[in-house]
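Below, chain A is the first sequence line, B the second, and so on; all start at residue 1.
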2 protein chains.
Amino acid sequence: MGGDLGPPAVIGGVSAFLRGEDDGTQIVLVGRADAIGPLLREHGIEGHERITLVEASQVIGMEEKLSAVRQKRDASITRTIELMRDGAADAVVAVGNTVAAVAVSQLRLRLIEGVGRPGIAIPMPTLKGAKPPYEKSSTIMIDMGASTTAKVEHLVAYAVMASAYAEHVQGKSAPSVGLLNVGEEIGKGDEFLRDTFEQLQKAPVNFIGNVEGGDIYRGRCDVIVCDGLVGNAVLKASEAAAEMVVKLLKESLAKNLRRKFGAALCMPAFRELRQSIDYSEFGGALLLGANGIVIKGHGRSGARAVENAIKVARDAAVHRLTDRIREGMTALAPAGRGAHEIPGGGLVAGQVAP
Amino acid sequence: MGGDLGPPAVIGGVSAFLRGEDDGTQIVLVGRADAIGPLLREHGIEGHERITLVEASQVIGMEEKLSAVRQKRDASITRTIELMRDGAADAVVAVGNTVAAVAVSQLRLRLIEGVGRPGIAIPMPTLKGAKPPYEKSSTIMIDMGASTTAKVEHLVAYAVMASAYAEHVQGKSAPSVGLLNVGEEIGKGDEFLRDTFEQLQKAPVNFIGNVEGGDIYRGRCDVIVCDGLVGNAVLKASEAAAEMVVKLLKESLAKNLRRKFGAALCMPAFRELRQSIDYSEFGGALLLGANGIVIKGHGRSGARAVENAIKVARDAAVHRLTDRIREGMTALAPAGRGAHEIPGGGLVAGQVAP
């Protein structure tokens with residue numbers, strides 16, 4: 001029900017997904033039938049055999065605060081996550097209020113044993129090589145804003161979780177992990193960053209050391225871990241920087257007839273560029289750390305972004321991402337810290353195998 | 001003597017500045033005469049009436065650690081800053097090792113009363129408006145990496161110092177200050193950010209509240225304060241994001257003859273774009289907080305960047321930036337904190353006027 005563009009974008013994405021993929025994925029739509037029904041008719045997918053509609057009477061708006069989560073017990077985001085918790089779905093796609101999605105996941109799904117805080121992971125586009133053809137790939141960056149001022153153990157858990165995604169869902173073998181710092185050299189940064197560096201060396205991940213902001217887009221490693229404030233600022237600033245470049249180019253190309261004519265000839269190239277830096281091509285963010293798969297599409301998600309988010313959710317479910325993360329956290333426990341330190345408690349020594 | 005391109009870039013910049021500006025600015029060159037002399041001859045400015053050469057026998061290389069500052073007492077950066085401290089210069093321009101420049105400034109110039117840590121400020125390009133012609137300006141962002149995990153009082157001092165620059169050197173009246181956060185709403189972020197928000201409201205600056213990463217390039221305020229880790233990551237990531245956009249465009253434009261022909265017609269527009277996002281047009285970073293003006297050019301600075309850095313240094317000196325910052329810090333003392341709390345001590349109540 002959420003997102004800046006609301007149900008029309010979501011149903012548009014579902015419709016495109018069903019037309020494009022015939023893999024048996026079942027779609028459960030959760031929300032107000034009076035809003036969803038007419039859209040299904042419009043797209044000609046009313047009564048589709050792969051769609052189930054589940055009524056949820058309330059909506060948490062994009063601007064609503066955390067308190068709305070407790071007040072609106074029949075909110076679509078809450079009902080959707082409960083459905084997954086109860087086994088009626090394998091993954092959740094949400095495009096609405098991020099704060100609500102994070103809070104509901106944490107409350108209703110509980111965090112995976114050993115995870116102190118959920119993290120938002122986003123695959124960032126990367127370009128490798130000095131000249132064309134460039135090698136294109138992605139770097140998973142975590143945390144992009146689920147929380148700020150993380151502790152050392154949170155960053156280590158982020159590394160384990162994002163590595164599980166890179167390895168088992170993206171199919172990268174021994175995915176490399178970098179720590180975002182002010183410089184590459186060992187010993188850079190303050191005590192917090194140096195401690196995190198040390199713990200990452202002991203963790204069951206392929207840690208390659210410190211990386212810098214520029215490495216995000218240069219494909220130096222498969223996973224980059226950082227605090228949510230840093231990740232969030234980097235993501236939004238990069239979007240704005242790319243947007244500024246495009247605006248400046250447009251302005252400059254409109255200055256005279258010769259340029260306008262040249263620009264017309266180059267139009268397909270400009271369209272390709274737009275597509276390769278368009279966030280909607282990347283399928284949104286993964287909310288990692290809770291017992292369940294939650295894909296959080298950008299608030300501005302259109303149909304194309306929703307379609308890609310569904311694919312990411314499907315792939316994560318097929319590769320049993322939550323189980324893979326659980327295994328990673330279990331492997332971390334004896335290495336990085338004593339079992340007795342794990343928050344959430346209830347863990348007995350025999351469970352920390354292998 | 002420093003910088004990736006070494007003395008040739010520096011002397012090239014000096015030569016361009018002397019040819020372009022006839023304002024009486026005197027240039028003191030500090031370094032090894034055997035390296036500088038031939039370059040002066042090459043540019044036809046040997047024995048120029050506005051150039052003085054001061055010998056310094058040592059150089060701190062780009063990759064050297066902090067320890068080099070104590071070992072090399074006759075390093076060019078040390079000698080340059082000592083010259084300013086002793087009144088033989090009004091401002092320093094350096095393009096070498098940043099860590100060394102920050103350390104030498106702090107050691108030799110000492111910090112301004114009330115400033116706990118120096119900060120690196122960088123004017124970031126901004127674009128305002130939804131369509132062309134866009135309004136172009138800059139936002140001073142501080143700290144870009146002088147230190148990580150700043151305390152609340154450091155961020156408040158950064159705001160005061162950058163405001164002094166924006167007001168007195170850039171000529172902006174009542175420059176607006178934003179706090180970089182994960183969202184705009186009051187109460188966003190953790191305790192540290194909420195405390196900083198509160199202290200900025202009480203500080204003698206025009207605080208407008210929280211801003212997000214994207215606001216950096218959208219000209220929402222004149223000054224943005226953040227921790228050095230965040231600022232550094234944002235700066236490097238933005239550079240890399242813009243670089244990626246340019247590379248993708250190039251690749252796409254080379255795909256067929258039609259596009260290549262179009263691109264040839266658009267070439268002047270591409271050149272304009274490159275210039276407007278080129279860091280060398282922005283004159284480098286300001287190291288704020290010490291008793292003296294230190295402009296730190298990008299390590300990759302070419303002649304054009306050095307020339308612009310000299311202009312920034314000259315303007316800061318003409319407008320007596322250090323005095324203006326001192327006034328700002330004095331105004332802050334009674335508002336934001338007790339005089340007794342000021343690190344560095346030695347302050348008596350009578351000095352805190354007006």
Side-chain angles (χ1 to χ4, degrees), chain A residues 125-127 132-134 145 147-149 180-182 185 189-193 212-218 226-230 232-255 258-259 261-266 268-270 272-273 276-277, chain B residues 65 125-127 132-134 145 147-149 180-182 189-193 212-218 226-230 232-255 258-259 261-266 268-270 272-273 276-277:
Chain A
T126 67
L127 219 56
Y134 303 109
S147 60
T148 59
T149 51
L180 192 65
N181 204 324
V182 290
E185 305 82 1
D190 57 354
E191 205 188 328
F192 169 74
L193 287 165
E212 300 185 14
D215 293 318
I216 298 166
Y217 300 101
R218 294 187 189 120
C226 62
D227 176 76
L229 175 63
V230 182
N232 192 270
V234 161
L235 176 71
K236 289 175 179 165
S238 304
E239 280 179 3
E243 185 189 288
M244 183 173 71
V245 169
V246 170
K247 275 184 173 178
L248 285 167
L249 183 61
K250 259 193 185 168
E251 182 177 41
S252 190
L253 286 172
K255 272 191 187 160
R258 184 190 163 99
R259 293 184 190 183
F261 180 60
L265 294 173
C266 298
F270 297 148
E272 274 178 23
L273 172 68
S276 42
I277 59 172
Chain B
K65 300 252 161 88
T126 67
L127 218 57
Y134 303 110
S147 60
T148 58
T149 52
L180 191 64
N181 204 325
V182 290
D190 58 353
E191 205 187 328
F192 169 75
L193 287 165
E212 300 185 15
D215 293 319
I216 298 166
Y217 300 101
R218 295 190 188 119
C226 62
D227 176 75
L229 175 63
V230 183
N232 192 270
V234 161
L235 177 70
K236 289 175 179 166
S238 305
E239 279 180 4
E243 185 188 286
M244 183 173 72
V245 169
V246 170
K247 276 184 172 180
L248 285 167
L249 183 61
K250 260 194 184 167
E251 183 178 40
S252 189
L253 286 171
K255 272 192 188 160
R258 185 191 163 99
R259 293 184 191 181
F261 180 61
L265 294 174
C266 298
F270 297 148
E272 274 178 24
L273 171 67
S276 41
I277 60 171

So, the part of R259(B) with a heavy atom under 4.5 Å from chain A: the answer is both

Checked G145(A), G189(A), A269(A) vs chain B; the most non-hydrogen pairs under 4.5 Å come from A269(A)

Looking only at A242(A), A263(A), G214(A), most heavy-atom pairs under 4.5 Å shared with chain B are made by G214(A)

Between R218(A) and A240(B) the two heavy atoms that sit nearest each other are NH2-CB, 3.7 Å

Okay, K247(B) and chain A: the region with an atom under 4.5 Å from a heavy atom over there is both

The interface call for L193(B) against chain A, heavy-atom contacts under 4.5 Å, is side chain

*asked:* Looking at K255(A), I want to see if its NZ is surrounded by more than 12 non-hydrogen atoms of other residues, nucleotides or ligands under 6.0 Å.
replied: yes

One option among V230(A), T148(A), D227(A) has the most heavy-atom pairs under 4.5 Å with chain B, and it is T148(A)

When the 4.5 angstrom heavy-atom criterion is applied to E243(B) and chain A, the contacting part is side chain

Turns out that what part of E185(A) lies under 4.5 Å from chain B's heavy atoms comes down to side chain

With chain B, the option among L235(A), L253(A), L127(A), V246(A) that has the most non-hydrogen atom pairs under 4.5 Å is L127(A)

So, the part of I216(B) with a heavy atom under 4.5 Å from chain A: the answer is side chain

Among G213(B), P133(B), P125(B), the residue with the most heavy-atom pairs under 4.5 Å to chain A is G213(B)

On a heavy-atom basis, the closest approach of S238(B) and Y217(B) is OG-OH, 2.6 Å

- Do E251(A) and E272(B) touch side chain to side chain, with heavy atoms closer than 4.5 Å? no

